[in-house]
2 protein chains.
Amino acid sequence: MATIQDVARLAKVSISSVSNVLNGRTERLRPDTAERIQQAIQLLGYRPNQAARQLKTGKMPVIGLLVPSTANPFYGQIAAALESYAQTRHGYRVMLCNTHRDRALEARMLEDLSGFGVAAAILLSSFDDERHVEDAVARGLAVISYDRAPGTAGNRGIDHVYADNVEAGRLAAQHLIDHGHRRLAFVMPAGRTNSRDRKIQGFLRAAGQAAEPVSAQVYEGRAITAYGDSELADIGYELGQRLAAETAAPTGVVTVNDTLAMGLMAGLRAAGKRVPEDVSVVGMDNMVLAAFTSPPLTSIAMPVEPMAQAMVDRAVLRITEPDAPAEQLRFDPALVPRESVSPPPAAQPSGSRA
Amino acid sequence: MATIQDVARLAKVSISSVSNVLNGRTERLRPDTAERIQQAIQLLGYRPNQAARQLKTGKMPVIGLLVPSTANPFYGQIAAALESYAQTRHGYRVMLCNTHRDRALEARMLEDLSGFGVAAAILLSSFDDERHVEDAVARGLAVISYDRAPGTAGNRGIDHVYADNVEAGRLAAQHLIDHGHRRLAFVMPAGRTNSRDRKIQGFLRAAGQAAEPVSAQVYEGRAITAYGDSELADIGYELGQRLAAETAAPTGVVTVNDTLAMGLMAGLRAAGKRVPEDVSVVGMDNMVLAAFTSPPLTSIAMPVEPMAQAMVDRAVLRITEPDAPAEQLRFDPALVPRESVSPPPAAQPSGSRA
DNA sequence: TTGAAAGCGCTAACAG
DNA sequence: CTGTTAGCGCTTTCAA
């Protein structure tokens with residue numbers, strides 16, 4: 001690798017002049033000098049050494065990205081959106097960490113990041129408290145937290161970008177109620193998280209406020225283990241079998257996410273239930289493949305692109321202006337009706353279809 | 001951030017002693033000194049500055065990972081496997097780049113990586129030639145190329161880790177032939193790549209070597225555009241409609257990957273064809289969700305974990321031993337039969353079922 | 001308008 | 001066994 005020395009030598013100038021063109025301070029150079037330097041850079045294929053730069057300036061154009069697992073298509077999608085935007089819009093690179101929903105791992109990665117001079121991290125976590133994150137924040141790392149509503153704990157200094165999960169839960173349940181369902185279920189893996197709690201809250205609220213009495217139950221499946229996110233569909237499958245075996249089984253099911261919904265539909269089918277004729281299903285996330293399942297999955301869309309961009313923008317802002325106060329940005333989900341919802345088997349459709 | 005100085009001061013030793021424990025040269029320390037240093041490190045929450053270390057040693061414990069897009073579930077899965085293994089096994093971090101199958105982007109990212117002191121990159125590309133990569137290699141970057149068979153071009157110095165795609169194509173076609181299919185199709189997006197070519201080669205070979213005459217055709221859909229990988233399913237959908245409209249339509253279809261297969265099944269279904277009763281489908285990649293489609297998708301499994309680990313191991317080796325010669329590692333695919341394949345509508349199953 | 005020089009935090013001789 | 005020291009490549013005053 002050529003160094004700034006090599007460039008200076010070739011262009012017959014001092015290294016500070018080279019540094020000046022590198023940092024856009026061209027007003028301090030005579031045009032022809034600048035030109036000569038540019039050519040030398042070209043010729044040598046010189047790339048400034050970021051490590052040296054970081055050492056000097058203390059800043060690194062890199063954002064840390066912590067996700068449960070990119071093996072989960074939804075997180076893969078967000079990761080792609082984040083990385084591409086960070087790169088094209090701000091020239092920042094992304095360091096990827098799969099946390100597998102492991103708190104200790106998460107904390108360690110946050111620490112490691114600081115070691116690399118990474119000044120901001122985007123955290124797609126699932127833990128309710130942010131204790132382990134606050135250490136990192138105290139050390140000066142800017143953290144952008146995804147999908148955890150603020151105010152749950154002391155989270156001064158942490159940015160929050162989140163979808164209105166209460167609304168998401170409400171939207172899903174209401175859609176089912178509008179189709180005449182009166183026995184509803186919300187299904188998810190075992191274990192409460194902030195975002196799950198809020199989805200449930202919205203789900204229950206819609207049921208509670210319905211004109212006619214609606215039963216609404218929450219089913220927890222197996223917990224996600226170690227290499228977790230590939231299990232989501234399995235958990236859904238088991239839940240599908242379980243629901244099918246139930247007496248007075250729910251006719252309308254809301255799932256915590258689409259991957260689990262795909263598993264659920266498979267499990268239901270394996271147990272002899274048809275979707276949507278016997279059981280209607282509403283997923284969440286509206287991942288790309290949701291449109292291609294059989295039947296196509298009705299889902300609650302989270303505005304992935306805008307949220308991804310907001311997170312990156314915040315991360316960059318917190319790096320360039322460390323004193324900027326943390327913000328809370330809420331985004332609205334939207335129902336995407338497809339074919340996995342129909343009126344329940346016995347019931348007559350109530351007049352009030354959506 | 002605490003520095004090595006702070007630690008030395010607190011432990012009342014010189015910085016070189018601290019450096020020695022940091023780098024595991026504990027045999028040069030008295031146990032109690034080492035112990036004191038450890039405590040100081042703990043107390044201060046000290047993390048060595050990687051930039052400074054890199055500047056000194058020229059090495060950085062980071063691997064570059066270039067994928068078309070983690071929004072494609074298959075690449076998301078590989079990315080997760082790679083990152084987790086690199087981290088837990090070797091303590092290496094991963095810098096992620098979504099190339100969107102854009103050659104210029106790919107080249108630029110490779111350059112950037114060098115600027116960060118990243119000494120090895122894993123490249124999941126789709127371009128046949130490796131011209132743009134060779135510049136990077138010449139500059140000293142170790143490149144591990146995925147799923148591109150060696151020998152296609154001058155690729156000295158580039159490691160290759162790939163699945164036997166010819167065998168994958170053969171396996172898929174043979175499975176269909178064994179079920180009695182005599183009109184086969186291979187479907188994919190427009191545009192040839194090395195891995196697609198090899199899959200087709202195997203597909204055609206199986207058809208050509210069948211005991212009875214088998215027609216085998218290749219269908220190219222629309223090309224993947226810019227933000228491409230989320231389109232794969234769309235392309236499959238269109239292809240499904242197109243196949244369904246065909247007179248003497250193929251009864252057995254092999255798809256270049258599972259995501260496209262999901263789209264294909266949806267398109268077929270929308271056009272009134274049933275899978276597998278009217279059309280049998282074999283996907284490739286055996287992604288997690290393949291087991292949960294309706295019907296569950298028969299697929300050709302690529303050994304993702306072993307391949308991911310091999311790539312990371314190679315990358316680390318090439319960093320630690322720059323003189324190690326490049327290697328070519330081939331992995332064998334395997335058929336995973338599920339329910340998307342049955343005998344063709346009219347035909348009697350031939351005796352020779354798999 | 002250009003150049004000289006002082007470190008940023010760390011490693012690895014080398015000297016004690 | 002422990003400490004001193006010379007840079008790694010770069011940015012950034014400060015002088016010339």
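Every chain is numbered from 1, with letters handed out A, B, ... down the list of sequences. Source: prediction; values computed, not measured.
Closest contact between the side chain of Leu55(A) and the listed nucleotides dG9(C), dG3(C), dT2(D) involves dG9(C). Residue Ser19(A) places its side chain closer to dT12(D) than to any other of dG9(C), dG3(D), dT12(D). In this structure, the nucleotide among dT2(D), dT11(C), dC10(D) sitting nearest to the side chain of Ala52(A) is dC10(D).
Between Arg28(A) atom CZ and dA15(D) atom C1' there is a gap of 14 Å when expressed in whole angstrom units. One atom, CG of Asp6(B), and another, P of dG9(C), lie 8 Å apart when rounded to the nearest Å. Here dC8(D) presents its C1' atom at 15 Å from CD of Gln50(A), a figure rounded to the nearest Å. What separates NZ of Lys59(B) from P of dC8(D) is a distance of 16 Å, to the nearest Å. Rounded to an integer number of Å, the gap from Ile4(B) CD1 to dT4(D) C1' is 14 Å. Taking atom NZ of residue Lys12(B) and atom P of nucleotide dG3(D), one finds them 12 Å apart after rounding to whole Å. Straight-line distance from the CE atom of Met60(A) to the C1' atom of dT11(D): 16 Å, rounded to whole Å. In this structure, CD1 of Ile15(B) is placed 11 Å from C1' of dA12(C), rounded to the nearest angstrom.
Each of Thr57(B) and Glu27(B) lies near DNA chain D, and the nucleotide nearest Glu27(B) is the one positioned closer to the 5' end.
No hydrogens or angles were tested; on distance alone, a donor-acceptor pair under 3.5 Å links the side chain of Ser16(A) to the base of dA4(C). Side-chain atoms of Lys56(B) stay outside donor-acceptor range of the base of dG9(C), with no qualifying N/O pair under 3.5 Å.
Checking the phosphate oxygens (OP1, OP2) of dG9(D), no side-chain nitrogen or oxygen of Arg47(A) falls inside 4.0 Å. Dashed line: the shortest gap from a side-chain N or O of Asn23(B) to OP1 or OP2 of dT11(C) is under 4.0 Å. Here Thr3(B) does not reach the OP1 or OP2 of dC8(C): none of its side-chain N or O atoms lies under 4.0 Å away. Note on Arg30(B): every side-chain N or O is 4.0 Å or more away from OP1 and OP2 of dC1(D). Residue Thr33(B) has no polar side-chain atom (N or O) positioned under 4.0 Å from OP1 or OP2 of dC1(D).
Pairs engaging residues 87-96 of chain B under the salt bridge (charged side-chain N to carboxylate O under 4.0 Å, His left out) rule: Asp112(A)-Arg93(B), Glu83(B)-Arg93(B) [sequence neighbours left out]. The side chain to side chain donor-acceptor pair (under 3.5 Å) contacts involving residues 312-323 of chain A comprise Tyr85(A)-Asp313(A), His90(A)-Asp313(A), Asp159(A)-Arg314(A), Asp159(A)-Arg318(A), where partners must be two or more places apart or lie in separate chains.
Atom-to-atom distance recorded for Gln50(B):CD and Leu55(B):CG is 12.5 Å, nearest 0.5 angstrom. The CG atom of Asp147(B) sits 8.0 Å away from atom CG of Asn194(B), with the distance rounded to the nearest 0.5 Å.
Annotation: Gln42(A), atom CD; neighbour count of heavy atoms from other residues, nucleotides and ligands within 6.0 Å does not exceed 12.
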